[in-house]
Every structure is written in C-alpha cells, then in structure tokens.
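Data first, discussion second: the structure below is written as structure tokens.
We count residues from 1, following the sequence as given. Fair warning: this is a prediction, and the values are worked out from it, not measured in the lab.
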Amino acid sequence: MSNILKLTRRRSLLFGLGSLAAISAVATSRGFSHHQQIQTLDDPERDFTVSQELSLKQRAAKKGLIYGTASTKKYLASDPAYIAAIVENCSMFVPEWEFKWTAGDAMLRPGFDQFDFTDADWIANFAATHKLLLRGHTLVWHESLPKWFKETVNNKNAQQLLQNHIQTVVKRYTGKIHSWDVVNEAIEPKDGRDDGLRITPWLNSLGTNYIDLAFRLTAEYDPKALLVYNEFGLDYDTPEADAKRTAVLNLLTGLKARGTPIHAFGTQAHLSPGSNRKFNPEKLRQFLRDVASLGLKIMITELDVTDKNLPIDIKVRDRIVAAAYEDYLSAALDEKAVIGVITWGLSDKYTWLGEFQPRPDRKPVRTLPLDAQMQRKLVWNAIARAFDNCPKR
Ligand code: XIL
C-alpha cells in the first residue's frame with residue numbers, strides 16, 4: 001500500500017470517528033443519545049400477531065382498500081417466486097422505472113420526438129396478465145429526465161414537448177390505468193419561492209402554470225383515470241415537514257379552486273425511524289383530514305422504512321421497522337379518504353434502499369414485508385394488523 005493511500009485511509013478513519021463523535025455530542029447535548037432513542041423505539045413486548053390466513057390484498061379489500069407494490073421488469077422477468085408473492089399479496093402494481101422518462105435500465109424517451117414503449121408495454125401486459133390494477137408513475141418530474149432534455153428543452157419548445165409526451169403516453173394506455181401520478185414532487189419550500197414550488201426544469205421553461213397544464217392534458221386523454229399529485233417528506237413532526245405540508249395544501253387548494261382536474265393526493269411515505277425525526281400521529285391525521293376536506297382521495301404511494309439508523313441485531317431491527325409501518329398506517333388509515341397503500345417493493349431482495357440508504361455496516365437492508373427468500377417478516381404482520389384494525393371505507 002502506498003504511503004499516500006495509507007494516509008488517506010487513516011484520515012478518512014479519523015474523519016469517520018470525528019463525525020461519529022460529533023453526532024453523539026449533538027445528541028447528548030439534546031439530552032438524548034442515539035442509543036437511548038433506539039431503546040425508546042424498540043418494545044420487545046410489542047404484539048405483532050395476526051389472526052386468520054388472509055393475504056395482504058384480502059385484508060385490504062375487506063376494508064375497501066387496495067394494496068399494491070412497485071417493481072421493475074428487470075426483477076420480475078427472472079423471478080417467478082417474486083411474481084407469485086406479488087400475485088398472492090397485491091391487487092395493484094406500479095412500475096418503478098418503465099413509465100418514467102428514463103430510469104434504471106428503462107428508456108421511454110430516447111429523444112425529443114422519440115418514444116420506446118418496449119418496457120412500458122411489457123409492464124402493462126404484466127399487470128393485465130396478473131389482473132393487477134396499474135398505476136402510471138410518473139408524467140412530470142424533475143428527476144429521471146434523459147440527458148437530451150437539458151440540452152434541448154427551452155421556453156419555446158417545452159409546452160410542445162409536454163403536450164406530446166402526455167398525449168402519446170396517456171393515450172396509449174387509456175382505460176388501462178387506475179391512477180396517474182401526473183406531477184411528482186413539485187414542492188420544495190427550501191428553494192425559497194413564496195409559493196413553495198420547487199425550482200425545476202419544468203418550472204423554468206413553462207412557469208407556474210405547468211402543473212395545471214399537465215393535469216388538464218392528462219384528463220383530456222384519459223378522462224376516467226384518477227389523477228394524482230404525488231409528494232414526499234410529509235411524514236414527520238419537523239419544521240421542514242410543516243413548511244412542506246403547508247405548501248402542498250396551498251398548491252392543492254389552488255388547483256381545486258381553479259377547477260383543475262385533480263382527484264387524489266399521493267403521499268410517498270418513505271419513513272426513517274432512528275433519524276431523530278419525531279412521528280406525530282395527530283399531525284399526520286390532521287394533514288390528511290385537511291387534504292380530504294378539499295374533496296380529494298388519498299393514496300399512500302411509496303411506503304417503505306429505511307433501517308440504516310437501526311442496530312445490526314435482526315430481531316430488534318425488524319421490530320422497529322415493523323412498528324414504524326404499523327404506527328404510520330394506523331394513523332393514516334383512520335382517514336377514510338385513503339383508498340390505497342402501495343409499498344415501494346415487496347421483498348428485501350429488491351429495494352432501492354439498498355443503494356439509496358445503505359446501512360453503515362453494509363449489511364443487507366431489511367425494509368419490506370417479505371425477506372429476500374419471500375418469507376413473511378414482522379413488517380408483513382404490521383401491515384396486516386393495520387388493515388385489520390382500520391375503519392371500513
Ligand atoms: C426510485 C426508484 O426506486 C429507483 O430504482 C430509481 O433509480 C430512482 O427512483 N420517489 C419517487 C420514486 O417518486 O419514483 C423513486 O423511485 C423514489 C422516490
């Protein structure tokens with residue numbers, strides 16, 4: 001090993017220890033160490049038992065709810081056991097990549113005037129074959145834009161591009177889509193605008209009207225689909241989430257007031273126990289009540305729970321993750337405007353969190369209802385219990 005490399009390694013080790021010390025110093029100065037926080041999250045006595053031999057979709061259906069998952073062709077095409085688990089538990093499916101402009105291995109929009117429907121059609125066919133309701137995710141988003149987008153799009157051609165995209169994609173699947181995430185993640189109060197809108201390529205090229213425009217166009221080409229505005233970061237009791245909830249409510253209120261065809265609100269619900277952010281069920285209930293009072297349905301669109309801040313011990317980890325699911329869902333499902341729950345994956349074998357929220361110890365993450373061998377974990381029970389115990393809609 002060269003000296004430089006040795007030095008760099010030592011430095012990064014020192015830096016690592018230094019930042020750990022800094023984190024625990026912060027935690028201790030608030031009178032609450034990470035260790036203490038984990039202890040308050042974990043209740044070894046907590047009961048996760050379920051009665052009756054019913055799948056998740058059956059338990060959901062008993063309450064008038066839909067349960068589903070997201071995944072991609074890449075995983076499904078080579079894994080019959082995974083498909084079987086999805087069919088057993090889910091009545092709804094969301095393509096994690098294929099309906100985006102580009103994501104993972106999929107490329108729906110290879111060029112300004114070009115579409116490649118190979119993968120999206122595969123997904124639509126998969127959903128039809130297995131009698132799964134299909135969600136369209138997503139038409140307008142600041143992420144997952146192909147490389148050519150930045151080089152080509154300006155305020156002269158953006159409207160034509162959006163119109164062509166929505167017309168071509170939505171029309172192709174008219175009648176096959178339960179709900180479209182028409183616009184995804186358009187709010188970011190930290191960007192500093194009075195209206196809370198995120199500064200995105202769409203906002204820059206089309207102005208604030210782009211959200212209304214996208215909904216109107218989608219309604220034109222699929223008048224029967226449920227049109228959804230989808231957002232993240234609304235789950236915890238923090239000043240950031242307060243600001244975001246307020247901005248989202250303002251956006252939704254404005255859309256409804258202008259008669260824009262929006263029918264539902266999607267809250268992603270990517271949860272993170274052990275991150276120092278407090279979950280406040282009453283605040284979540286109030287927010288969902290406020291959304292529902294606008295006459296909107298609600299979907300929990302991307303539920304998952306990162307275990308990256310949790311201990312290595314699998315029993316403890318699984319309990320805390322399961323508790324986060326059940327606590328969140330039992331509050332959210334009290335709101336009868338909630339019509340469906342989608343987890344962002346079904347098995348730990350395939351989850352974006354392995355890459356996006358890896359554990360510091362690099363152990364495989366345990367975040368979803370089934371383990372990597374498709375066996376039920378406590379999370380499965382937690383979701384089942386939340387369905388069993390929620391009011392019927
Ligand atoms: C994620 C996928 O899971 C990843 O595989 C992909 O590479 C990036 O996008 N919010 C969303 C989803 O609306 O589309 C994102 O999905 C997760 C966050």
Side-chain angles (χ1 to χ4, degrees), residues 70-77 94-127 134-174 176-177 179-188 190-193 197-222 225 227-232 266 268 301-302 344 352 355-356:
S71 193
T72 79
K73 172 185 165 188
K74 179 177 176 174
Y75 306 145
L76 298 165
V94 190
E96 208 173 324
W97 294 342
E98 289 79 0
F99 280 26
K100 294 174 178 170
W101 290 53
T102 180
D105 293 345
M107 173 64 94
L108 178 67
R109 297 304 314 271
F112 190 91
D113 293 314
Q114 289 166 295
F115 294 82
D116 181 345
F117 285 107
T118 317
D119 291 339
D121 283 355
W122 190 95
I123 290 289
N125 189 42
F126 169 81
L134 181 60
R135 302 202 68 234
H137 174 80
T138 171
L139 295 166
V140 180
W141 192 24
H142 63 286
E143 300 263 357
S144 284
L145 293 171
K147 240 172 104 196
W148 57 261
F149 191 99
K150 206 171 163 204
E151 293 147 15
T152 327
V153 179
N154 53 50
N155 53 15
K156 294 202 177 59
N157 61 17
Q159 183 152 345
Q160 181 204 342
L161 178 68
L162 183 68
Q163 152 93 39
N164 188 30
H165 182 78
I166 293 181
Q167 176 169 356
T168 311
V169 177
V170 173
K171 250 179 142 176
R172 188 175 186 93
Y173 301 110
T174 305
K176 295 183 177 163
I177 301 290
S179 45
W180 270 111
D181 284 341
V182 179
V183 178
N184 196 26
E185 304 181 352
I187 293 291
E188 182 45 277
K190 284 188 204 141
D191 282 359
R193 291 173 53 96
L197 287 183
R198 182 190 291 278
I199 298 171
T200 74
W202 291 114
L203 182 77
N204 288 338
S205 54
L206 289 171
T208 54
N209 188 39
Y210 83 94
I211 301 175
D212 290 72
L213 181 64
F215 276 94
R216 287 180 197 282
L217 288 167
T218 310
E220 195 177 318
Y221 298 112
D222 193 345
L227 305 192
V228 183
Y229 173 70
N230 197 43
E231 188 56 88
F232 76 99
Q268 295 184 10
T301 49
E302 304 185 14
W344 208 239
W352 74 309
E355 199 184 319
F356 282 81

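- Ring geometry, Tyr173 versus Phe117: the interplanar angle exceeds 60°, so the pair is classed perpendicular (tilted spans 30 to 60°).
- With 3.5 Å as the limit, one finds no donor-acceptor pair spanning the side chains of Asn184 and Glu143.
- Proximity of the aromatic rings of Trp202 and Phe149 is defined here by a centroid distance below 6.0 angstrom, and this criterion is met.
- Under a 4.0 Å N-O distance rule, the pair Asp105/Lys73 does not qualify as a salt bridge.
- In terms of modelled atom types and a separation under 3.5 Å, the side chain of Arg135 and the main chain of Pro95 share no donor-acceptor contact.
- With hydrogens and angles ignored, the 3.5 Å screen pairs no side-chain donor or acceptor of Thr200 with any backbone N or O of Trp141.
- Asn157 contributes a side-chain N or O that, together with a main-chain N or O of Asn154, makes up a donor-acceptor pair within less than 3.5 Å.
- For the side-chain contact (heavy atoms from CB on, under 4.5 Å) with Leu217, the lone residue among Ile166, Val140, Leu139 that qualifies is Ile166.
- Atom CH2 of Trp148 sits about 4.5 Å away from atom CZ of Arg109, to the nearest 0.5 Å.
- Of all the heavy atoms in Asn164 and Phe112, the pair that sits closest is ND2-O, 4.4 Å.
- Contact between Ile177 and Ala225 at its shortest, heavy atoms only, is O-CB, 3.8 Å.
- Nearest heavy atom pair, residue Leu227 against residue Ala219, reads CD1-N, 3.6 Å.
- No donor-acceptor pair closer than 3.5 Å links the side chain of Thr102 to the backbone N or O of Ser144.
- Note that NZ of Lys74 is 11.0 Å distant from CD of Glu96, once rounded to the nearest 0.5 Å.
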**Asked** Between Asp119 and Leu108, does a side chain to side chain contact (heavy atoms under 4.5 Å, CB included) hold up when you go through it step by step?
**Response** CA-CA 8 Å; Asp119 291 339; Leu108 178 67; over 6 Å; no

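- Nearest heavy atom pair, residue Ile187 against residue Glu231, reads N-OE1, 3.0 Å.
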**Request:** Just do the side chain to side chain contact (heavy atoms under 4.5 Å, CB included) check on Arg172 and Asp121 with the steps written out, would you?
**Result:** CA-CA 9 Å; Arg172 188 175 186 93; Asp121 283 355; 2.6 Å; yes

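- Glu151 CD: more than 12 foreign heavy atoms inside a 6.0 Å radius.
- Val183 is not listed as a side-chain neighbour of Asn230, based on a closest heavy-atom distance of 4.5 Å or more.
- Looking at Tyr229, its side chain never comes within 3.5 Å of a backbone N or O of Phe215 through a donor-acceptor pair.
- Distance check: Trp180 CH2 to Asp222 CG gives 8.5 Å after rounding to the nearest 0.5 Å.
- Side-chain atoms of His165 and Trp101, non-hydrogen and from C-beta on, do get closer than 4.5 Å to each other.
- Distance check, rounded to the nearest 0.5 Å: OH of Tyr221 to CD of Gln167 gives 3.5 Å.
- The CD atom of Gln163 lies 7.5 Å from the CG atom of Leu213; values are rounded to the nearest 0.5 Å.
- By the 4.5 Å heavy-atom criterion applied to side chains, Leu145 and Pro201 are counted as neighbours.
- Of all the heavy atoms in Ala120 and Glu98, the pair that sits closest is CB-O, 3.8 Å.
- For the atom pair CH2 (Trp352) and OG (Ser71), the distance works out to 14.5 Å, reported to the nearest 0.5 Å.
- Here the closest non-hydrogen pair linking Val153 and Ala158 is CG1-CB, 3.8 Å.
- Side-chain atoms of Asp191 do not come within 3.5 Å of backbone N or O of Arg193 as any donor-acceptor pair.
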